[in-house]
Amino acid sequence: MYKKVFKRIIDIIASFILLLIFFPIILIICFFLFFLNNKQIFFFQERPGLNLIHFKIIKFATMNNLKDDSGKLLPDRDRITGVGRFLRKSSLDELPQLFNVFKGDMSLVGPRPLSITYKNRYSEEQKSRHDVKPGITGWAQVNGRNSITWTQKFKYDVWYVNNISLLLDIKILFKTFLKVIARKDVLEGGTSEAESFNGKN
């Protein structure tokens with residue numbers, strides 16, 4: 001009952017309240033990004049959600065679109081901006097995902113939505129991470145995030161799917177809060193993931 005009904009109700013109420021609370025901060029970040037990030041405020045990207053159905057995730061833009069002489073985008077570490085580095089380090093770049101939660105694309109808690117290029121690289125067990133909505137934070141994020149291997153991340157994700165409950169979600173949200181305050185397991189460089197998932201690691 002919680003997984004199919006109450007979790008969604010809680011997501012709607014909680015995301016609405018959090019959007020009201022953080023609205024002044026969101027406006028301030030939008031203002032700074034407009035003037036310091038060449039008017040690039042938001043970053044949109046397709047990600048696989050529940051049942052691998054695509055949706056557009058929204059984050060604050062943390063990188064510019066600088067390209068090399070051949071017109072190819074420079075590496076992430078060379079495109080991240082000063083304000084973008086701060087947003088990532090503080091996890092404030094994730095705030096716009098509250099709109100995804102309110103809309104119903106995501107949940108506050110669930111496996112993190114990954115690149116669509118990974119879809120065909122999952123094992124059948126790993127693919128079950130998409131049996132629930134992706135989350136802003138999840139069991140893997142509070143158990144190492146970027147400091148653990150992909151294999152470990154997917155094991156945590158699958159475990160969450162099989163053990164989802166209100167108490168577990170509360171525990172994850174509390175641990176996430178502590179990690180954000182401590183700025184633990186956050187990559188300060190150019191990427192949000194330590195390395196790409198190739199289906200083997």
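- Under the 4.5 Å side-chain heavy-atom criterion for grouping Ile, Leu, Val, Met, Phe, Trp and Tyr, Ile25 is connected to Phe35 within one hydrophobic cluster.
- Within the 6.0 Å centre-distance limit, the rings of Trp150 and Tyr118 are counted as a close aromatic pair.
- Side-chain atoms of Pro111 and Val132, non-hydrogen and from C-beta on, do get closer than 4.5 Å to each other.
- Pro48 and Pro113 make their closest contact through O-CB, 4.2 Å (heavy atoms, listed as atom of the first residue, atom of the second, distance).
- A donor-acceptor contact shorter than 3.5 Å links the side chain of Ser123 to the backbone of Gln126.
- Closest heavy-atom contact between Ala61 and Leu33: O-CD2, 3.6 Å.
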Using the rule given for side-chain hydrogen bond (donor to acceptor under 3.5 Å, both in side chains), can you reason through Thr149 versus Thr151, listing the C-alpha separation, both sets of side-chain angles and the distance that settles it, and then say yes or no? CA-CA 5 Å; Thr149 66; Thr151 299; 4.6 Å; no

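- Aromatic rings of Phe42 and Phe60 (six-membered ring for Trp) have centroids within the 6.0 Å cut-off, being under it.
- When the shell of 6.0 Å around CG of Asn120 is examined, it contains 12 or fewer heavy atoms from other residues, nucleotides or ligands.
- At a threshold of 4.5 Å between non-hydrogen side-chain atoms, the residues Leu114 and Phe154 count as touching.
- Separation of atoms CG (Leu95) and CD1 (Ile21) is listed at 11.5 Å; rounding is to 0.5 Å.
- By the neighbour-count criterion of 12 heavy atoms within 6.0 Å, atom CD of Gln45 is densely surrounded, having more than that number from other residues, nucleotides or ligands.
- The structure places NE2 of His130 at 4.5 Å from CG of Leu52, a figure rounded to the nearest 0.5 Å.
- One N or O on the side chain of Lys7 and one on the backbone of Val109 form a donor-acceptor pair closer than 3.5 Å.
- Closest heavy-atom contact between Val180 and Ser90: CG1-O, 3.9 Å.
- In summary, the side chains of Asn143 and Tyr160 do not present any donor paired with an acceptor at a separation below 3.5 Å, with no hydrogens or angles considered.
- Summarising the local packing, NZ of Lys175 is surrounded by more than 12 heavy atoms from other residues, nucleotides or ligands at distances under 6.0 Å.
- For the pair Phe102 and Ile13, the minimum side-chain heavy-atom distance is 4.5 Å or more.
- The backbone N or O of Ser91 sits nowhere less than 3.5 Å from a side-chain atom of Glu94 that would complete a donor-acceptor pair.
- Residues Arg47 and Phe55 form a side-chain contact, since some pair of their non-hydrogen atoms from C-beta on lies under 4.5 Å apart.
- More than 12 heavy atoms of other shown residues, nucleotides or ligands fall within 6.0 angstrom of atom NZ in Lys119.
- Remark: side-chain polar atoms of Asn100 are paired, donor with acceptor, to backbone N or O of Ile58 under 3.5 angstrom.
- Between the side chain of Arg112 and the backbone N or O of Ile136, at least one donor-acceptor pair lies under 3.5 Å.
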Could you go through Leu98 and Phe23, starting from their C-alpha distance and side-chain angles, then the distance that decides it, and tell me whether this counts as side-chain contact (heavy atoms from CB on, under 4.5 Å)? CA-CA 11 Å; Leu98 289 171; Phe23 187 69; over 6 Å; no

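- In terms of hydrophobic clustering, with Ile, Leu, Val, Met, Phe, Trp and Tyr side chains grouped at heavy-atom distances under 4.5 Å, Ile17 and Phe6 are assigned to a common cluster.
- Classified by interplanar angle (parallel below 30°, tilted 30° to 60°, perpendicular above 60°), the ring pair Trp139/Tyr156 is perpendicular.
- The structure places CE of Met1 at 14.0 Å from CG of Leu166, a figure rounded to the nearest 0.5 Å.
- Transitive grouping of hydrophobic side chains (ILVMFWY, heavy atoms separated by less than 4.5 Å) brings Phe22 and Val101 into a common cluster.
- A distance-only check finds a donor-acceptor pair linking the side chain of Arg79 to the backbone of Asn64 [under 3.5 Å].
- When all heavy atoms of Arg85 and Ile80 are compared, the pair lying nearest together is NH2-CG2, 3.2 Å.
- Formation of a donor-acceptor pair under 3.5 Å by the Arg121 side chain with backbone atoms of Phe197 is found in this model.
- In this structure, Ile9 is a member of the same hydrophobic cluster as Leu108, with clusters built from ILVMFWY side-chain heavy atoms closer than 4.5 Å.
- Counting non-hydrogen atoms of neighbouring residues, nucleotides and ligands closer than 6.0 angstrom, the CZ atom of Phe32 reaches no more than 12 such neighbours.
- With a 4.5 Å cut-off on side-chain heavy atoms, Tyr2 and Ile164 count as touching.
- Between Arg88 and Met63, some side-chain heavy-atom pair lies under the 4.5 Å cut-off.
- Separating the CG atom in Asp157 from the OH atom in Tyr122 is a distance of 8.5 Å, to the nearest 0.5 Å.
- Interatomic distance, Thr81 OG1 to Asn38 CG, rounded to the nearest 0.5 Å: 11.0 Å.
- Checked by atom type and distance alone, the side chain of Lys59 never pairs as donor or acceptor with a backbone atom of Phe44 at under 3.5 Å.
- The shortest heavy-atom contact between Ser128 and Val158 is OG-CG2, 3.6 Å.
- Side chains of Gln141 and Thr176 form no contact here, defined as non-hydrogen atoms less than 4.5 Å apart.
- Contact annotation: the side chain of Asp105 never approaches that of Lys56 to less than 4.5 Å [non-hydrogen atoms, C-beta and beyond].
- A continuous path of Ile, Leu, Val, Met, Phe, Trp and Tyr side chains, each step under 4.5 Å between heavy atoms, connects Leu173 with Leu19, placing both in one hydrophobic cluster.
- Between the side chains of Ser107 and Asp11, at least one donor N or O sits under 3.5 Å from an acceptor N or O.
- Formation of a donor-acceptor pair under 3.5 Å by the His54 side chain with backbone atoms of Gly49 is not found in this model.
- Between Lys179 and Val142, the shortest heavy-atom contact is CE-O, 3.1 Å.
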